[in-house]
Peer 1: 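For reference, the structure I am asking about is given below.
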Amino acid sequence: MTAKKILITGKNGQLGCELQNLCPDEFEMVAMARKELDISNSSAVLKAVEQAQPDIIINAAAYTAVDRAEQEREAAFSVNARGAENIALACKQVGARFIHVSTDFVFDGKKSSPYIVSDKRNPLGVYGASKAEAEAVVQKILPESVIVRTAWVYSAHGNNFANTMLRLMAERDELAVVADQVGTPTWTGTIAEVLFALARKEQAQGIYHCTDLGVASWYDFAVAIYEEGKSNGLLPANKELAIKAITTQDYPTPAQRPSYSVLDKSRLLNDLDVDLRNWRESLRQVFSSKAQKLKAY
Ligand SMILES: NC(=O)c1ccc[n+]([C@@H]2O[C@H](COP(=O)([O-])OP(=O)(O)OC[C@H]3O[C@@H](n4cnc5c(N)ncnc54)[C@H](OP(=O)(O)O)[C@@H]3O)[C@@H](O)[C@H]2O)c1
């Protein structure tokens, strides 16, 4: 049997890198960075897709600067909405399946129980609005596409909350972290595993929610980073740090964020043969392998 060919956009992003790290042998992967394929350029997308003739495209490219997007609406929409639209059109043209990655920020956070896949989109900021428009456009062009919403993404490397916290924790004696926004920290490895399972399952279509299991505030996540960082040697074992819980009001940001964005994973768990881990377990695993790699250098 010939290997299914997957084209990945945004190969240098957190998720793009993890997809390359964890790609099973059964797939042939073509991964493209922004400079090789700018997804906001419709003719470039069509050309690249016609050339590569993939069976599946996973769109891991996005404009992810949530706060900057408030000032750069056009840039956010051009990558997130138009980019996804360009890929959907190209998939339709060559008969490829499309797996698009989306976000919990399509919701307003007003619920107090996990968001189900059919809950109404009502984004609070420009980034969320650009991702919400992408979902609507992709579903219109290609109703058989798959949309995977995830949240609070981090990986061992890259620009994310876990790595920023580790750096700040090493430098400071005191930190203040927001405790009234609740969601689920999610390792890129979890998302990659789910995306490959969806690539395998040809009849999968529609929206899936994919995060690690459990619930945390940013404050809880920071405390866990501190504890796991110390126990894995990523922070000095004798490090003393005070972590203060603050409110969103104490830490205003240009973009409003959902105060509650836990995603209900039941559709994913029913349809796919994947095991999700608790977010804390994923964090422990990521920090432990990060520490081992650092020791090996
Ligand atoms: N990060 C989160 O907390 C989070 C939460 C929920 C959902 N998500 C979603 O998860 C997906 C992956 O996010 P991530 O955290 O891996 O993002 P990331 O680390 O910011 O990576 C995004 C990648 O997209 C690339 N890119 C930007 N504009 C592009 C364009 N016009 N054409 C092609 N590539 C372009 C970037 O290229 P450069 O390297 O050149 O900038 C970057 O490599 C995205 O759909 C995001 O919306 C993320």
Side-chain angles (χ1 to χ4, degrees), residues 7-22 30-45 47-49 57-69 72 74-87 90 98-107 109 115 121 123-135 138 146-165 181 183-192 194-195 207-212 216 218 221 255 257-258 261-263 279:
L7 189 153
I8 284 174
T9 60
K11 82 167 185 191
N12 292 333
Q14 298 192 83
L15 181 58
C17 288
E18 204 72 79
L19 284 163
Q20 293 167 85
N21 287 343
L22 299 180
V30 180
M32 291 183 163
R34 185 214 298 250
K35 64 176 186 325
E36 292 151 331
L37 178 59
D38 176 350
I39 63 165
S40 63
N41 180 335
S42 58
S43 53
V45 170
K47 194 172 161 206
V49 172
I57 300 184
I58 298 179
N59 182 23
Y63 177 110
T64 54
V66 174
D67 288 319
R68 212 168 61 221
E72 297 184 354
E74 216 170 290
F77 271 77
S78 127
V79 180
N80 292 346
R82 299 288 78 75
E85 179 177 18
N86 293 337
I87 298 171
F98 186 21
I99 305 182
H100 175 66
V101 182
S102 193
T103 171
D104 56 331
F105 279 29
V106 298
F107 295 124
Y115 279 91
R121 294 183 281 254
L124 298 174
V126 171
Y127 165 76
S130 68
K131 298 289 288 186
E133 183 166 315
E135 290 188 1
V138 165
V146 178
I147 292 174
V148 178
R149 292 191 188 124
T150 187
W152 295 32
V153 177
Y154 69 96
S155 63
H157 309 285
N159 189 13
N160 57 55
F161 183 83
N163 286 332
T164 303
M165 281 293 129
Q181 287 170 30
T184 312
T186 302
W187 175 42
T188 44
T190 303
I191 312 167
V194 164
L195 291 171
I207 300 175
Y208 285 89
H209 284 172
C210 166
T211 63
D212 278 321
W218 291 110
F221 191 20
R257 287 155 167 79
S261 67
V262 179
L263 301 179
W279 66 268

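Atoms within a ligand are numbered from 1 in the order they appear, just like the ligands themselves. All heavy atoms count here, side chains included; hydrogens, waters and symmetry mates do not.
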Peer 1: Please examine the side chains of Y208 and V194, heavy atoms only from C-beta on, and report whether any two atoms are closer than 4.5 Å.
Peer 2: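 With C-beta onward as the side chain, the pair stays apart.
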Peer 1: In the protein, which heavy atom is nearest to atom 39 (O) of ligand 1, and how far is it?
Peer 2: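 Sorting protein heavy atoms by distance from atom 39 (O) of ligand 1 puts N12 CB, 4.2 Å first.
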Peer 1: T150 heavy atoms, cut-off 4.0 Å: which ligand 1 atoms fall inside?
Peer 2: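 Every atom of ligand 1 under 4.0 Å from some heavy atom of T150: 6 (C), 7 (C).
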Peer 1: Which residue and atom name correspond to the protein heavy atom nearest atom 3 (O) of ligand 1, and how close is it?
Peer 2: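 Heavy-atom neighbour on the protein nearest atom 3 (O) of ligand 1: V153 N, 3.0 Å.
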Peer 1: Using a 4.0 Å cut-off to any heavy atom of A61, which atoms of ligand 1 qualify?
Peer 2: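 Here the atoms of ligand 1 in question are 24 (O), 33 (C), 34 (N), 35 (C).
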Peer 1: Considering only heavy atoms, does F161 approach ligand 1 within less than 4.0 Å through its side chain, its backbone, both, or neither?
Peer 2: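 Neither; no heavy atom under 4.0 Å.
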Peer 1: Does the side chain of N159 reach to within under 4.5 Å of the side chain of T164, using non-hydrogen atoms?
Peer 2: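 Yes, close enough: below the 4.5 Å cut-off.
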Peer 1: Which atoms from ligand 1 have a heavy atom of I39 less than 4.0 Å away?
Peer 2: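 Taking each heavy atom of I39 in turn, ligand 1 has 30 (C), 31 (N), 32 (N), 33 (C) under 4.0 Å.
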Peer 1: If the test is side-chain hydrogen bond (donor to acceptor under 3.5 Å, both in side chains), which one of T190, T184, T186, T150 qualifies with D212?
Peer 2: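 It is T190, the one option of T190, T184, T186, T150 that forms the side-chain hydrogen bond (donor to acceptor under 3.5 Å, both in side chains) with D212.
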Peer 1: Does some non-hydrogen atom of G83 fall short of 4.0 Å from ligand 1?
Peer 2: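 No, G83 has no heavy atom closer than 4.0 Å to ligand 1.
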Peer 1: Evaluating non-hydrogen atoms only, which member of M32, Q14, R34 is closest to atom 30 (C) of ligand 1?
Peer 2: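 The nearest heavy atom belongs to R34.
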Peer 1: Report the part of A60 (side chain from C-beta onward, or backbone N, CA, C, O) that has a heavy atom under 4.0 Å from ligand 1; answer both or neither where that applies.
Peer 2: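 Answer for A60: backbone.
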Peer 1: As an exercise, identify every atom of ligand 1 less than 4.0 angstrom from a heavy atom of K131.
Peer 2: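 In order of numbering, the contacting atoms are 44 (C), 45 (O), 46 (C), 47 (O).
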Peer 1: Under a 4.0 Å N-O cut-off, is there an ion pair linking R257 with D67?
Peer 2: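 Here R257 pairs with D67 in a salt bridge, since their nearest N and O are under 4.0 Å apart.
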Peer 1: State, yes or no, whether a side-chain contact exists between N160 and T188 at a heavy-atom distance under 4.5 Å.
Peer 2: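 No, too far: nothing below the 4.5 Å cut-off.
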Peer 1: Regarding atom 18 (P) of ligand 1: of the candidates T103, T64, T186, which has the closest heavy atom?
Peer 2: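 Minimum heavy-atom distance to atom 18 (P) of ligand 1 goes to T64.
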Peer 1: Before signing off on this row, confirm whether Y127 and ligand 1 have an N or O atom pair separated by under 3.5 Å.
Peer 2: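 For ligand 1, there is an N or O atom that lies under 3.5 Å from one belonging to Y127.
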Peer 1: Do F77 and Y63 have side chains that get closer than 4.5 Å, going by heavy atoms?
Peer 2: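 Not in contact.
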Peer 1: Where does L37 meet ligand 1, judged by heavy-atom distances below 4.0 Å: at the side chain, the backbone, both, or neither?
Peer 2: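 Answer for L37: backbone.
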Peer 1: Hey, which atoms in ligand 1 end up nearer than 4.0 Å to a heavy atom of L15?
Peer 2: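 In order of number, 12 (C), 16 (O).
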Peer 1: Should R82 and E133 count as an ion pair when the cut-off is N to O under 4.0 Å?
Peer 2: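 A salt bridge links R82 with E133.
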Peer 1: Could you label the plane-to-plane angle of the F107 and H209 rings as parallel, tilted or perpendicular, counting under 30° as parallel and over 60° as perpendicular?
Peer 2: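 F107 vs H209 ring planes: perpendicular.
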Peer 1: Scan side-chain atoms only and decide if E135 and S102 contain a donor-acceptor pair under the 3.5 Å cut-off.
Peer 2: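 Yes, S102 and E135 have a side-chain donor paired with an acceptor closer than 3.5 Å.
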Peer 1: Quick check on contacts: which atoms of ligand 1 are under 4.0 angstrom from a heavy atom of D38?
Peer 2: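 Listed by number with element: 30 (C), 31 (N), 32 (N).
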Peer 1: Flag the pair I207 / R149 as yes when at least one side-chain heavy-atom distance between them is below 4.5 Å, and no otherwise.
Peer 2: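 Side-chain contact under 4.5 Å: yes.
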Peer 1: Does the side chain of F221 reach to within under 4.5 Å of the side chain of Y154, using non-hydrogen atoms?
Peer 2: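 F221 reaches Y154 side chain to side chain.
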Peer 1: May I ask you to identify, for F105, whether its side chain, its backbone, both or neither come under 4.0 Å of ligand 1 on a heavy-atom basis?
Peer 2: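 For F105, no heavy atom sits under 4.0 Å from ligand 1.
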Peer 1: Quick check: do V101 and I99 have side-chain heavy atoms less than 4.5 Å from each other?
Peer 2: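 Sidechains of I99 and V101: no contact.
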Peer 1: Is there a nitrogen or oxygen of G13 sitting under 3.5 Å from a nitrogen or oxygen of ligand 1?
Peer 2: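 There is such a contact, yes.
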Peer 1: Measure S102 to ligand 1 on non-hydrogen atoms and call it side chain, backbone, both or neither using the 4.0 Å cut-off.
Peer 2: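 The part of S102 near ligand 1 is the backbone, not the side chain.
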Peer 1: Considering only non-hydrogen protein atoms, determine which one is nearest to atom 11 (C) of ligand 1 and report residue, atom name and distance to 0.1 Å.
Peer 2: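 Here the nearest protein heavy atom works out to V101 CG1, 3.6 Å.
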Peer 1: Between the candidates A44, G128, G10, A62, which shows the shortest non-hydrogen contact distance to atom 22 (C) of ligand 1?
Peer 2: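 The nearest heavy atom belongs to A62.
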